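Here the structure is a predicted model, which means the values were calculated and not measured. Residues: numbered from 1 along the sequence shown. Worth knowing before you read on, the calculation uses all heavy atoms, side chains too, and leaves out hydrogens, waters and symmetry mates.
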Amino acid sequence: MASTPGTIRVLTTLLLLARGSLSQLDVCGQPPRNSRIVGGEDAPAGAWPWQASLHNSSGHKFCGGSLINKDWVMTAAHCFSRTSGPVVYLGRQNQEGSNSNEVSRTVSQIIRHPNFNNVSRDNDIALLQLSSSVTFTNFIRPICLAAADSTFNRGTTSWVTGWGTIKRGVSLPSPQTLQEVDVPVTGNRNCFCKYNPRGRTITDNMICAGRDEGGKDSCQGDSGGPMVSKQGSVWVQAGVVSFGIGCARAQFPGVYARVSQYQSWINTRITSDQPGFVTFTSTGTDADLSATCTGLPRLIKKVSHTPTSPAYVRVEECCSNLYPKRIPASQIKSYKYTNLDCPKKAVIFTTLKGIEMCANPEDKQVQDIMEKLAGDWE
Ligand SMILES: *[C@@H]1O[C@H](CO)[C@@H](O)[C@H](O)[C@H]1NC(C)=O
Ligand SMILES: *[C@@H]1O[C@H](CO)[C@@H](O)[C@H](O)[C@H]1NC(C)=O
């Protein structure tokens, strides 16, 4: 590194010329003070320089967040039912005593995801615009975000940081130093199988992490904080702490908003100095594909591209929730098989707007669409 600063600078300049928004990629996800391989409990100062602490106007900490460029912090939508005028702290290490590397900002705009569902916690993501820009230091730096085509196979190591309770109802001991835990990604099928019997749905907009034996997890008060994974020398945010059943309980992984689902939403809301998006790639076959349980849809394929076929779907009259319209194939987001109210096995298509409708799996056009939607579960 030290021997080739000229090369690096030239490359950097070219990238900046090529596209202004790439500037975040220069700085994001590269903490100068994180050389850690294995984690302890207390995070060393500066190890997670994107970590934000959100407080209400009387100083009470209510959520975490992550810095994604000099003006914006990302957090969970459920953090904002009533809280007005939050104060954001960056560069904070301890919740008690002074923090010499810290700055604070008020928030000029709160953007909750418009499709946030307070019951299912689907789309549990929000953006906070800081009242004024922060300057990056060794202790204050943005995180890179997982780009739309990222994959996180079961077992991918991730780290979660926060000042939340350490067990249900037990708050952090003084001086309340930022905590870090490493948790493996569980895979959505596996996670669905854990939560479905408890009446919670795991959607494509979520990503889960935890150990089968429990013991390490995010907990109350960590909400909105980042779940990150390292690729090469760069840290990439995969999730936003959203919910769980209990904390660190065996069989219940933590559930996070899946950041890679929101690249286009984030880029429509932050139009200048856009956050750095990095494609995180898992290699090999995802072990989660073999997870199975009752209730798990036999086949739900993730859309891995934008369907463009002009073909139309003929909707079969086999279901009570028949959608009586001709719908362009490009509007179909995903499909699954069902026996629901049908004399024979049917396919349920879900449109981009979330409308479900029946289709005949023996129909050639239907088959074409299913084939187009083929892609791996993440
Ligand atoms: C801040 O949060 C605490 C704890 O929930 C609450 O008691 C206090 O009233 C809140 N302050 C404001 C201004 O909302
Ligand atoms: C979610 O719903 C609960 C219960 O109805 C309510 O107390 C809470 O304020 C809601 N939260 C948000 C973020 O809307």
TODO: Could you list the residues that satisfy side chain to side chain contact (heavy atoms under 4.5 Å, CB included) with Ser120, not counting sequence neighbours?
DONE: Asn117, Asp122
- [ ] Using modelled atom types only, decide if a donor and an acceptor are shared between the side chain of Asn56 and the backbone of Gly59 within a distance under 3.5 Å.
- [x] yes
TODO: Check whether any side-chain heavy atom of Gln24 sits under 4.5 Å from a side-chain heavy atom of Phe277, and report yes or no.
DONE: no
Task: Under 3.5 Å: donor-acceptor pair, side chain of Gln231, backbone of Thr281 - done: yes
Open item on the list: With a 4.5 Å cut-off on side-chain heavy atoms, are Gln109 and Leu128 touching?
Closed with: no
TODO: Without swapping roles, check the side chain of Asn205 against the backbone of Arg258 for a donor-acceptor pair under 3.5 Å.
DONE: no
Task: Met206 backbone acceptor or donor facing Asn188 side chain under 3.5 Å - done: yes
Open item on the list: If the condition is side chain to side chain contact (heavy atoms under 4.5 Å, CB included), which residues does Ser108 pass it with, not counting sequence neighbours?
Closed with: Gln129
TODO: For Ser174, enumerate each residue passing the side-chain hydrogen bond (donor to acceptor under 3.5 Å, both in side chains) test, keeping only those at least two apart in sequence or located in another chain.
DONE: Glu96
Open item on the list: Under the side-chain contact (heavy atoms from CB on, under 4.5 Å) test against Pro86, which residue among Val73, Thr75, Ile110 passes?
Closed with: Ile110
TODO: Please state whether the rings of Trp48 and Trp235 are parallel, tilted or perpendicular, taking 30° and 60° as the class boundaries.
DONE: perpendicular
Task: Worked verdict on Ile143 versus Val236 for side-chain contact (heavy atoms from CB on, under 4.5 Å) - done: CA-CA 6 Å; Ile143 180 70; Val236 180; 5.8 Å; no
TODO: Applying side chain to side chain contact (heavy atoms under 4.5 Å, CB included), name anything that partners Asn99, two or more places apart in sequence or on another chain.
DONE: Arg92, Gln93, Asn94, Glu102
- [ ] Would you check if the side chain of Arg189 reaches a backbone N or O of Ala291 as a donor-acceptor pair within less than 3.5 Å?
- [x] yes
Task: Shortest non-hydrogen separation from Arg121 to Ser242 and the atoms involved - done: NH1-O, 2.8 Å
Open item on the list: Can you confirm whether Trp159 sits close enough to Ser229 that some side-chain heavy atom of one is under 4.5 Å from a side-chain heavy atom of the other?
Closed with: no
TODO: Check the pair Arg211 / Asp182 against salt bridge (charged side-chain N to carboxylate O under 4.0 Å, His left out), numbers first and verdict last.
DONE: CA-CA 10 Å; Arg211 291 161 203 286; Asp182 62 308; 3.2 Å; yes
Task: Where at least one partner belongs to residues 126-145, residue pairs that pass salt bridge (charged side-chain N to carboxylate O under 4.0 Å, His left out), sequence neighbours excluded - done: none
- [ ] Could you pull out all residues at least two apart from Ser158 that satisfy side-chain hydrogen bond (donor to acceptor under 3.5 Å, both in side chains)?
- [x] none
- [ ] Looking only at non-hydrogen atoms, find the nearest pair between Thr186 and Pro253 and report the distance.
- [x] CG2-CB, 3.7 Å
Open item on the list: I'd like to know if the side chain of Arg154 reaches the main chain of Asp288, judged simply by a donor and an acceptor atom lying under 3.5 Å from each other, with no hydrogens or angles considered.
Closed with: no
TODO: Measure the shortest side-chain to side-chain distance between Thr177 and Pro175 over non-hydrogen atoms and say whether it is less than 4.5 angstrom.
DONE: yes
TODO: Under the ring pair (Phe, Tyr, Trp, His ring centres under 6.0 Å) rule, what do Tyr256 and Phe152 come out as? Steps first, then yes or no, please.
DONE: CA-CA 13 Å; Tyr256 303 79; Phe152 293 92; over 10 Å; no
- [ ] For the pair Gln331 and Thr350, evaluate side-chain contact (heavy atoms from CB on, under 4.5 Å) and give the outcome as yes or no after the intermediate values.
- [x] CA-CA 9 Å; Gln331 291 299 304; Thr350 305; over 6 Å; no
Task: Contact check, side chains of Trp265 and Ile125, non-hydrogen atoms, under 4.5 Å - done: yes
- [ ] Given side chain to side chain donor-acceptor pair (under 3.5 Å), test Ser260 with Ser150 step by step and report yes or no.
- [x] CA-CA 6 Å; Ser260 59; Ser150 297; 5.4 Å; no
Task: N/O donor-acceptor pair under 3.5 Å between Asn101 side chain and Phe139 backbone - done: no
Task: Sub-4.5 Å side-chain heavy-atom contact between Pro226 and Gln51 - done: yes
Task: Partners passing side chain to side chain contact (heavy atoms under 4.5 Å, CB included) against Ser282 (at least two apart in sequence or in another chain) - done: Thr151, Asn153, Thr156, Phe280
Open item on the list: So, taking the atom named CZ in Arg198 and the one named CG in Asn196, what distance separates them when rounded to the nearest 0.5 Å?
Closed with: 12.0 Å
- [ ] Please confirm whether the backbone N or O of Gln261 pairs with a side-chain atom of Gln263, one donor and one acceptor, at under 3.5 Å?
- [x] no
Task: disulfide (SG to SG under 2.5 Å) contacts in which one or both residues fall within residues 84-120, not counting sequence neighbours - done: none
Open item on the list: For Met74 and Val240: C-alpha separation, side-chain torsions, deciding distance, then whether side-chain contact (heavy atoms from CB on, under 4.5 Å) applies.
Closed with: CA-CA 8 Å; Met74 191 164 74; Val240 176; 3.9 Å; yes
TODO: Identify, with sequence neighbours excluded, every residue that meets side-chain hydrogen bond (donor to acceptor under 3.5 Å, both in side chains) alongside Ser132.
DONE: Arg105
Open item on the list: Under the rule for side-chain hydrogen bond (donor to acceptor under 3.5 Å, both in side chains), what residues qualify as partners of Arg200, not counting sequence neighbours?
Closed with: none
TODO: Quick one: closest heavy-atom pair of Ile207 and Ala238, and the distance?
DONE: CG2-O, 3.8 Å
TODO: For Trp50 and Ile140, run side-chain contact (heavy atoms from CB on, under 4.5 Å): C-alpha distance rounded to whole Å, both residues' side-chain angles, the deciding distance at 0.1 Å, then the answer.
DONE: CA-CA 6 Å; Trp50 41 81; Ile140 300 174; over 6 Å; no
Open item on the list: Restricting to non-hydrogen atoms, name the atom on Lys61 and the atom on Ser53 that form the minimum distance, rounded to 0.1 Å.
Closed with: CD-OG, 3.6 Å
Open item on the list: Less than 4.5 Å apart, side chain to side chain, heavy atoms only: is that true for Val88 and Ser104?
Closed with: no
Task: Sub-4.5 Å side-chain heavy-atom contact between Leu145 and Val278 - done: no
- [ ] Please confirm whether the backbone N or O of Leu127 pairs with a side-chain atom of Arg269, one donor and one acceptor, at under 3.5 Å?
- [x] no
Task: Sub-6.0 Å ring centroid separation between Phe80 and Phe116 - done: no
Open item on the list: So which atom in Lys194 and which in Phe252 form the shortest heavy-atom distance, rounded to 0.1 Å?
Closed with: O-CE2, 3.5 Å
TODO: List the steps, then state whether ring pair (Phe, Tyr, Trp, His ring centres under 6.0 Å) holds for Phe62 with His55.
DONE: CA-CA 6 Å; Phe62 63 90; His55 298 244; 7.7 Å; no
- [ ] Enter the distance from Phe243:CZ to Cys208:SG here, rounded to the nearest 0.5 Å.
- [x] 7.0 Å
Task: Side-chain donor/acceptor of Thr351 to backbone N/O of Lys353, under 3.5 Å - done: yes
- [ ] Assess the side chains of Ser66 and Gln237: does a donor N or O sit below 3.5 Å from an acceptor N or O?
- [x] yes
Task: Short N-O contact, Lys70 and Asp273, less than 4.0 angstrom - done: yes
Task: Cluster companions of Tyr89 among Ile, Leu, Val, Met, Phe, Trp, Tyr (side-chain spacing under 4.5 Å) - done: Val87
